[in-house]
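Heads up: the structure comes next, in structure tokens.
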Number of protein chains: 2
Amino acid sequence: MGAMNGIGGVREAGGTGRGRTGAKAVAVAGGKHAGGRRPGETRTREAILDAARACFAERGFDATSLRRIAEAAGVDQSLVHHFYGTKESLFLQALEVPLKMPEVIAAAAEGGREEVGERMVRAHLTLWDDLSTRPALMTMVRSASVHRVAAARLRETATTILADALSKVVTGDDAVLRSNLVATQLVGLAMMRYIAVLEPLASADTDTVVRYYGPALQAIVEG
Amino acid sequence: MGAMNGIGGVREAGGTGRGRTGAKAVAVAGGKHAGGRRPGETRTREAILDAARACFAERGFDATSLRRIAEAAGVDQSLVHHFYGTKESLFLQALEVPLKMPEVIAAAAEGGREEVGERMVRAHLTLWDDLSTRPALMTMVRSASVHRVAAARLRETATTILADALSKVVTGDDAVLRSNLVATQLVGLAMMRYIAVLEPLASADTDTVVRYYGPALQAIVEG
DNA sequence: TGATGAACTAATCGCCCGATGAGTTATATA
DNA sequence: TATATAACTCATCGGGCGATTAGTTCATCA
């Protein structure tokens, strides 16, 4: 059962030493490694997760194949399985929202009711324009329509993070419903500006969007 | 729209002789017709489109297979191809927005600036709660994150239908941008209420939503 | 230094997908 | 009635998918 080594011959072609310095014999430049552990320190695991986030963000869950992720990470597909198990569980990890998010939102909610709408819009845009948070957010919103876990995460984010942050500022009748509506406005903004890419909204600068959209959130905060 | 799919009872119960090697050919109960045109008038084409709309609305473009649509319509998969060609072109037809929509939106925009926000929200909810318009809208929004044509349709709807309707009422600086923001709010509402199913928003009654959300649209209309 | 295990690739499996083509039966036309 | 055409199924194909297995190379540590 062993000895499939006939195939292996391909790899080596010269036969002789394949030593550590092997760079010469191994791997075409930029191409794939020919098998076995790579020398030096390894950051591959993170590279795969980054690639996954980027792919999921760009095309959503269904349209993203593990092969594509693997290719983007410069790695064989089965290594993705090796590190993350199923596609589903990789997706879960890719959805993990950076800790930064609750903080930024909560900070924006601080400072009283006055102009909190503007602050929330600005904070939201900041998160979406930040390259370290954007892929996860994009993945969440883009896949929420199609994948139950992403939808659940979106709900959870809307309630846990947003509603909690707003709880001191949105008070009175139907406070929870009104928090929902604030979340609704922010998700709508992400949808149209970053996913549907509706113009001129998508190209408008932050200040302009804040100026017009802030008061709309404010209207709901104040009930 | 009701009794599509007369397939079941009638035909196979009758057991139409089906010459030839008949034998077990008489299919299982509730099973499919064994080939050849069905007797009587045919509504199959529409049944397939309805099934497609329902499936696309429920799971989006990628996750919906033609086999599933065919099954929902009580028909062989290749008949779907026969009538609609590729999956893509079937999807296009399923996206076709009922003529009713522009009318309803335009009607809501009539009547001056005062309380136009409330009227727009109400019109929007009416469309989403109407079973004849809902599947197409759901398909559009649900697939917009993942399918370029759906995204284009969403943009087009946001501009052509909404911006046009609002053009007399949203005036002044950045009128187009502000129309975008009104569309943004409505799409956000659809996302959270009908797709992410965020509670208590999803279960709130129309009047309540109109009462709280209307003023938020109004804030943007008035700039 | 030798053994254990982690990182990595190659090959392949079974499944479901969209699409096609051939064959069967009803309706429409003349 | 003869012929054409539309409606309908069945069988099948090539391909991409997620997943698994076997085997190779490197790192670590007793």
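Throughout, protein chains are lettered first and strands after them, A, B, ... in sequence-line order, and every chain is numbered starting at 1.
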Does OP1 or OP2 of dT9(D) have a side-chain N or O of Arg38(B) closer than 4.0 Å? yes
Looking only at side-chain atoms of Asp76(B), point me to the closest of dA27(D), dT25(C), dC10(D). dC10(D)
What are the two closest heavy atoms between Ser145(B) and Arg142(A), and how far apart are they? O-NH1, 2.5 Å
Which listed nucleotide (dC26(D), dC17(D), dT9(C)) is nearest to the side chain of Pro39(A)? dC26(D)
Going from NE2 on His147(A) to CZ on Arg153(A), what distance comes out if it is rounded to the nearest 0.5 angstrom? 11.0 Å
Gap between atoms OH and P, on Tyr84(A) and dG18(D) respectively (whole Å): 17 Å
Apply the side chain to side chain contact (heavy atoms under 4.5 Å, CB included) test between Leu162(A) and each candidate in Leu186(A), Thr184(A), Thr157(A); give the one that qualifies. Leu186(A)
Any donor-acceptor pair under 3.5 Å joining the side chain of Ser78(B) to the base of dC10(D)? yes
dA10(C) C1' sits how many Å from Gln77(A) CD, rounded? 12 Å
Scan Leu66(A) against the nucleic acid and name what it touches under 4.0 Å (heavy atoms): base, sugar-phosphate only, or nothing. sugar-phosphate
Would Lys100(A) and Thr133(A) count as having a side-chain donor-acceptor pair, cut-off 3.5 Å? no
Mapping Lys87(B) and Leu79(A) to their closest nucleotides on DNA chain C, which lands nearer the 5' end? Leu79(A)
Tell me: CG of Asp62(B) to P of dG18(D), nearest whole Å? 12 Å
Rounded distance in Å - CZ (Arg68(B)) to P (dC16(C)): 12 Å
Rounding to an integer number of Å, can you tell me how far Arg67(A) CZ sits from dT20(D) C1'? 12 Å
N or O in side chain of Thr42(B) less than 4.0 angstrom from dA6(D) OP1/OP2: no
Using a cut-off of less than 4.0 Å, is there contact between a side-chain N or O of His82(B) and OP1 or OP2 of dC8(D)? no
If only side-chain N and O atoms of Ser65(B) are considered, is one of them under 4.0 Å from the OP1 or OP2 phosphate oxygen of dC17(C)? yes
For atom NE2 of His81(A) and atom P of dA22(D), their distance in whole Å: 16 Å
Greater than 12 external heavy atoms within 6.0 Å of Arg68(A)'s CZ: no
